[in-house]
Amino acid sequence: QVQLVESGGGLVQPGGSLRLSCAASGSIGAINTMGWYRQAPGKERELVAALTGLIVSYYSDSVKGRFTISRDNTKNTVYLQMNSLKPEDTAVYYCNLKWMTSLPRTNYEYWGQGTQVTVSS
């Protein structure tokens, strides 16, 4: 059983910074992808950033240069450092963890509970 616990959300003013954390526990595949999604009211869930191992595999165009994803493998924790925040960054942010096994071929995917980020003056 895998659990993802998120923290770090809150209210910040435009131009401010915030760091999200997601701690995973349980039986997790050695090679896995962790990422951050967000969903604003009335919009579809959007992939913000993701990495596999220590390699950053993706940033959305809207956050490039402002957000940084990283992980601490010893603690099974992924972070999202958010700088120069804009009102359009306001959303619920979700942590995601996924991996695959080959024998048998199986996909695994887990989600955090979500944390609210509000950027407003």
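For the side chain to side chain donor-acceptor pair (under 3.5 Å) test, no residue two or more places apart in sequence or in another chain qualifies with Ser70. The side chain to side chain donor-acceptor pair (under 3.5 Å) test applied to Ser17 returns Asn83, not counting sequence neighbours. Gln116 is linked by a side chain to side chain donor-acceptor pair (under 3.5 Å) to Thr118, counting only residues two or more places apart in sequence or in another chain. In terms of the salt bridge (Lys or Arg N to Asp or Glu O under 4.0 Å) criterion, residue partners of Lys98 (sequence neighbours excluded) are, by chain and number, Glu109. Among residues two or more places apart in sequence or in another chain, the side chain to side chain donor-acceptor pair (under 3.5 Å) test is passed with Thr33 by Thr52. Every salt bridge (Lys or Arg N to Asp or Glu O under 4.0 Å) that Lys64 has, sequence neighbours left out, goes to Asp61.
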Tell me which donor-acceptor pairs under 3.5 Å the side chains of residues 20-30 have, and how far apart each pair is, sequence neighbours excluded?
none

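Grouping the Ile, Leu, Val, Met, Phe, Trp and Tyr side chains by contacts below 4.5 angstrom, directly or via other members, places Tyr58 apart from Met82. No path of Ile, Leu, Val, Met, Phe, Trp and Tyr side chains, each step under 4.5 Å between heavy atoms, connects Val92 with Leu4, placing them in separate hydrophobic clusters. Ile69 and Tyr110 end up in the same hydrophobic cluster when Ile, Leu, Val, Met, Phe, Trp and Tyr side chains are linked at under 4.5 Å. The same ILVMFWY cluster, assembled from side-chain heavy atoms under 4.5 Å apart, contains both Val78 and Val63. Criterion: ILVMFWY side-chain heavy atoms under 4.5 Å apart, direct or through other members. Under it, Met34 and Tyr59 are part of a common hydrophobic cluster.
For residues 22-53, the set of pairs meeting the ring-ring contact (aromatic ring centres under 6.0 Å, His included) definition, not counting sequence neighbours, comprises Tyr37-Trp111. For residues 21-38, every residue pair satisfying the salt bridge (charged side-chain N to carboxylate O under 4.0 Å, His left out) rule, not counting sequence neighbours, is listed here: Arg38-Glu46, Arg38-Asp89. Residue pairs that meet the ring-ring contact (aromatic ring centres under 6.0 Å, His included) test with at least one member in residues 8-34, sequence neighbours left out, do not exist here.
Taken to the nearest 0.5 Å, the CG atom of Leu103 stands 9.5 Å off from the CZ atom of Arg105. Note that the CD atom of Glu44 and the CD atom of Gln39 stand 8.5 Å from one another [nearest 0.5 Å]. Separation of atoms CG (Leu18) and CG (Leu11) is listed at 9.5 Å; rounding is to 0.5 Å.
In this structure, the side chains of Phe67 and Leu80 come closer than 4.5 Å at one or more pairs of heavy atoms.
Taking each heavy atom of Pro14 and Ser121 in turn, the nearest pair found is CD-N, 3.7 Å. The two residues Gly9 and Val117 have their closest heavy-atom pair at CA-CG2, 4.3 Å.
Without hydrogens or angle criteria, Tyr93 side chain to Glu6 main chain gives no donor-acceptor distance under 3.5 Å.
Grouping Ile, Leu, Val, Met, Phe, Trp and Tyr residues whose side-chain heavy atoms lie under 4.5 Å apart, directly or via other members, leaves Met100 alone, with no other cluster members. Side-chain heavy-atom separations under 4.5 angstrom define the hydrophobic clusters, and Tyr79 shares its cluster with no other residue.
Within a 6.0 Å sphere centred on CD of Glu88, heavy atoms belonging to other residues, nucleotides or ligands number more than 12.
Using modelled atom types and a 3.5 Å distance limit, the side chains of Asn32 and Arg71 yield a donor-acceptor pair.
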